[in-house]
Visitor: 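Here it is, the structure, as structure tokens.
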Amino acid sequence: MKALVLEEYNTLVYRDVPAPEIADHEVLVKVMACGICGSDVHGLDGSTGRRIPPLIMGHEASGTIAEIGGKVSGWTKGDRVTFDSTVYPLDDWFTRRGLYNLSDNREVIGVSPGNYRRHGAFAEFVAVPGHILYGIPDNVSFEQAAMVEAAAVALHAINISGTLDGEVCLVTGAGTIGLFIIKLLGISGASYVAAADLDEKSLDMALKAGARLACRPGDSRLEEGLCSRTGGRGADVSFEAVGLTETVDLAIRLARKGGKVVLVGNRSPKIDFPLQTVVTRELKVLGSCAIRGEYDRILDLLASGKLTVDDQVAAVAPLKEGAEWFRRLYNKQAPPGKVILIP
Ligand SMILES: [Zn+2]
């Protein structure tokens, strides 16, 4: 089969590789669409340590079932599916408690951090366990289904934050995850969402996604907007979708006393942390990792038209042009939004 292979850091090659063989508990998915994640782009140069070559990346995918392992039931060849980006063991302490995203020995599709290598979906075929599959509703396209993973990550962050009825929220970072958080906050009952980003086009997209205010991090209107709705207190909940010292600092600084800060972005493994602010303002700082069962809800929202994704797709391109799109994304020359590759 053809695949886009990260042969060494910064070198992606579109070439023939053997198709994956499936184990008894796996299915072979013929990939119809796979989105390029920011973590794939950042993994390209080795800086994150999570894409050690050789590797086929890609974990935001959809396709049809081409082959079914002997121990997999409930699926038929040709079924349209998407799948969780986390491959988790079923016999795990965390999984049994419903916390499969935290399970020991979990693996992420299209990732190789050193202790495992699991090839992903920038290829004609990918092997995945049957228990991480989700059927795609008829009226949802493969390209739309390739956006479900990112939307589910955003919904997990919202679920982690607890009730949002009438609350005032800040979202730092209006990339794919940030935009989905903004949209899903609207659906979840937040009364007001402000967004911060450095990029003008992203700020525009944040407004279209439902943010009432979108400006650059240093803009005083951000604090004014949040405070004018809260009697000067600040955001009830901040969602941080970047993961740098400056953005975490902003998310914490604009949260009200006793409020919550949900950390989703983790571009930088370590940051300067405003400890005194968090302690003296009694903030609840919550980490949000991947997805924990949010797929069904996102697929429902897509099927019903309550959640839109097409406006977040920057380009749909053939997989053989993948290396060029990665280069553009890496050099920040691509339009904002998701690039989806089609094998
Ligand atoms: Zn991702």
Side-chain angles (χ1 to χ4, degrees), residues 1-46 48-70 72 75 77-85 87 107-130 132-133 136 141-143 145-146 149 313-331 334 338-343:
M1 66 170 184
K2 290 284 189 212
L4 187 67
V5 185
L6 181 66
E7 295 206 319
E8 51 189 279
Y9 288 130
N10 300 312
T11 307
L12 279 166
V13 181
Y14 180 71
R15 66 170 169 86
D16 283 305
V17 299
E21 286 183 20
I22 56 167
D24 275 354
H25 68 289
E26 290 181 324
V27 303
L28 190 68
V29 174
K30 179 173 167 35
V31 180
M32 301 300 284
C34 185
I36 301 179
C37 178
S39 66
D40 294 326
V41 178
H42 295 297
L44 201 61
D45 62 7
T48 67
R50 290 181 54 79
R51 303 288 192 283
I52 299 171
L55 179 70
I56 301 168
M57 301 191 284
H59 58 265
E60 304 179 352
S62 62
T64 56
I65 295 183
E67 229 181 282
I68 303 177
V72 177
W75 297 100
K77 269 191 200 179
D79 281 352
R80 302 167 78 243
V81 293
T82 181
F83 43 83
D84 205 311
S85 49
V87 174
E107 297 183 358
V108 181
I109 292 172
V111 166
S112 61
N115 54 334
Y116 68 86
R117 166 170 289 111
R118 185 171 270 276
H119 291 303
F122 290 133
E124 284 180 89
F125 295 96
V126 62
V128 299
I132 69 167
L133 293 175
I136 304 173
S141 70
F142 289 114
E143 288 84 356
E149 199 264 354
V313 177
V316 177
L319 181 62
K320 64 173 184 307
E321 293 172 12
E324 173 59 16
W325 279 103
F326 263 91
R327 191 191 61 73
R328 276 181 220 165
L329 288 162
Y330 187 84
N331 294 326
K338 181 68 69 184
V339 176
I340 295 175
L341 300 177
I342 310 291

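Values in this document were obtained by computation on a predicted structure and should not be read as measured data.
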Visitor: List the steps, then state whether side chain to side chain contact (heavy atoms under 4.5 Å, CB included) holds for Trp75 with Val81.
Guide: CA-CA 10 Å; Trp75 297 100; Val81 293; 3.6 Å; yes
Visitor: Tell me the side-chain hydrogen bond (donor to acceptor under 3.5 Å, both in side chains) pairs involving residues 16-25, sequence neighbours left out?
Guide: Lys2-Asp16
Visitor: Begin with the C-alpha distance, continue with both residues' side-chain angles, and end with the deciding distance and a verdict on side chain to side chain contact (heavy atoms under 4.5 Å, CB included) for Cys34 and Met57.
Guide: CA-CA 10 Å; Cys34 185; Met57 301 191 284; over 6 Å; no
Visitor: Between side-chain atoms of residues 59-67 and protein atoms elsewhere (two or more places apart, or another chain), which donor-acceptor pairs fall under 3.5 Å?
Guide:
from: Glu60; atom 1: OE1; to: Lys338; atom 2: NZ; distance (Å): 2.8
from: Glu60; atom 1: OE2; to: Lys338; atom 2: NZ; distance (Å): 3.4
from: Ser62; atom 1: OG; to: Phe142; atom 2: O; distance (Å): 2.8

Visitor: Taking atom OG of Ser141 and atom CZ of Arg80, what is their separation to the nearest 0.5 Å?
Guide: 7.5 Å
Visitor: Going by side-chain hydrogen bond (donor to acceptor under 3.5 Å, both in side chains), name the pairs with one or both residues in residues 4-14, residues two or more places apart or in two chains.
Guide: Glu7-Arg15
Visitor: Kindly give the heavy-atom pair with the smallest separation between Val29 and Leu133, and that separation in Å.
Guide: CG2-CD2, 4.3 Å
Visitor: Identify the heavy atoms of Ser112 and Leu55 that sit nearest to each other, and give their distance.
Guide: OG-CD2, 3.7 Å
Visitor: Specify the closest pair of heavy atoms between His119 and Pro54, including all atoms of both residues, with the distance to one decimal.
Guide: CE1-O, 3.8 Å
Visitor: Check side-chain contact (heavy atoms from CB on, under 4.5 Å) between Val41 and all other residues, then give those that pass, not counting sequence neighbours.
Guide: Ile36, Phe326, Leu329, Tyr330
Visitor: Please give me the minimum heavy-atom distance between Ile136 and Ala145, naming the atom from each residue.
Guide: CD1-CB, 3.5 Å
Visitor: Quick check: closest heavy atoms across Phe122 and Gly35, and the distance to 0.1 Å?
Guide: CZ-O, 3.5 Å
Visitor: Which value, rounded to the nearest 0.5 Å, describes the distance between Met1 atom CE and Ile56 atom CD1?
Guide: 4.5 Å
Visitor: Considering only heavy atoms from C-beta outward, does the side chain of Val128 approach that of Val87 to under 4.5 Å?
Guide: no
Visitor: Quick check: closest heavy atoms across Pro113 and Asn115, and the distance to 0.1 Å?
Guide: CG-OD1, 3.4 Å
Visitor: Could you tell me the separation between the CG atom of Leu12 and the CD atom of Glu324, rounded to the nearest 0.5 Å?
Guide: 11.0 Å
Visitor: Is the shortest side-chain heavy-atom distance between Val27 and Phe83 below 4.5 Å?
Guide: no
Visitor: Between Arg51 and Leu44, is there a side-chain heavy-atom distance shorter than 4.5 Å?
Guide: no
Visitor: Report the residues that fulfil salt bridge (charged side-chain N to carboxylate O under 4.0 Å, His left out) with Arg118, sequence neighbours left out, ordered by chain and then residue number.
Guide: Glu26, Glu107
Visitor: Does any non-hydrogen side-chain atom of Pro20 lie less than 4.5 Å from one of Val126?
Guide: no
Visitor: Examine distances only and state if a side-chain atom of Arg50 and a backbone atom of His42 form a donor-acceptor pair shorter than 3.5 Å.
Guide: no
Visitor: Between CG of Leu4 and CG of Leu319, what distance do you get to the nearest 0.5 Å?
Guide: 5.0 Å
Visitor: Residues in salt bridge (charged side-chain N to carboxylate O under 4.0 Å, His left out) with Asp84, at least two apart?
Guide: none
Visitor: Looking at Tyr116 and Val111, would you say the former's side chain and the latter's main chain have a donor-acceptor pair under 3.5 Å?
Guide: no
Visitor: Show your reasoning for whether side chain to side chain contact (heavy atoms under 4.5 Å, CB included) applies to Ile342 and Glu143.
Guide: CA-CA 9 Å; Ile342 310 291; Glu143 288 84 356; 3.8 Å; yes
